Amino acid sequence: KYWPQLLVKAGTKPSAGSGVTSSLLGTIKAAHGMAQVTYAGFPLYYFAGDKAAGQVGGQGFESQWYVVDAKGAFVKHAVSSGGGAPAPTTTSSAGGAWA
């Protein structure tokens, strides 16, 4: 409920935003003809409480949900909502990406 999968239609290739490495983007099979976006092998989710790109309200949620940086590593410290490298994006979803 709080962490929907970052999904695209099966067969759709996710696209990388500025500062994100395209070769680290991928997908894994999800239900209902969809694919879940991955980054550096981590399945991506977004936090339902974030309403705009760049928001990171779910950072550190229950000490298990963390932002993934542009290199594909977990960011386990406080993250500002306005700076840093953008999260991976797709053509069919908005919001931050989490692993």
Side-chain angles (χ1 to χ4, degrees):
K1 172 177 167 174
Y2 295 109
W3 294 99
Q5 298 171 319
L6 183 58
L7 298 172
V8 294
K9 288 184 181 181
T12 301
K13 182 177 174 157
S15 60
S18 175
V20 177
T21 305
S22 295
S23 64
L24 294 179
L25 280 171
T27 60
I28 55 175
K29 187 176 181 177
H32 309 293
M34 301 297 284
Q36 185 172 5
V37 179
T38 63
Y39 195 72
F42 296 112
L44 299 182
Y45 300 83
Y46 62 94
F47 182 56
D50 291 342
K51 301 301 178 196
Q55 291 182 333
V56 291
Q59 173 66 356
F61 187 80
E62 294 185 357
S63 298
Q64 64 182 352
W65 294 92
Y66 297 99
V67 171
V68 174
D69 68 15
K71 294 179 181 177
F74 289 129
V75 178
K76 290 190 175 188
H77 54 76
V79 176
S80 70
S81 292
T89 60
T90 69
T91 57
S92 65
S93 183
W98 305 81

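All values reported here derive from a predicted model rather than from experimental measurement. The basis for the numbers below is simple: all heavy atoms, side chains too, and nothing from hydrogens, waters or symmetry mates.
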Check against ring pair (Phe, Tyr, Trp, His ring centres under 6.0 Å), Phe74 and Phe42: CA-CA 10 Å; Phe74 289 129; Phe42 296 112; 4.8 Å; yes
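No more than 12 heavy atoms of other residues, nucleotides or ligands shown are found within 6.0 angstrom of OH on Tyr2.
Note that the CG atom of Leu7 and the OH atom of Tyr45 stand 9.5 Å from one another [nearest 0.5 Å].
Taking the six-membered ring where tryptophan is involved, the planes of Trp3 and Trp65 are essentially parallel, since the angle between them stays under 30° and well short of 60°.
Here the closest heavy-atom approach between residue Gly72 and residue Ala40 is recorded as CA-CB, 3.7 Å. The minimum heavy-atom distance between Val75 and Tyr66, with the atom names listed, is O-CD2, 3.6 Å.
Without hydrogens or angle criteria, Asp69 side chain to Lys71 main chain gives a donor-acceptor distance under 3.5 Å. Of the possible donor and acceptor atoms, none in the side chain of Gln59 sits under 3.5 Å from a partner among the backbone N and O of Val56.
Using a 4.5 Å heavy-atom cutoff, the side chains of Val8 and Lys13 are not in contact. Between Tyr46 and Pro4 the shortest side-chain heavy-atom distance falls below 4.5 Å.
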Just list the side-chain donor-acceptor pairs under 3.5 Å for residues 20-38, sequence neighbours left out, or say none.
from: Gln36; atom 1: OE1; to: Gln5; atom 2: NE2; distance (Å): 3.1
from: Gln36; atom 1: NE2; to: Leu44; atom 2: O; distance (Å): 2.9
from: Thr38; atom 1: OG1; to: Gly26; atom 2: N; distance (Å): 3.4
from: Thr38; atom 1: OG1; to: Gly26; atom 2: O; distance (Å): 3.3

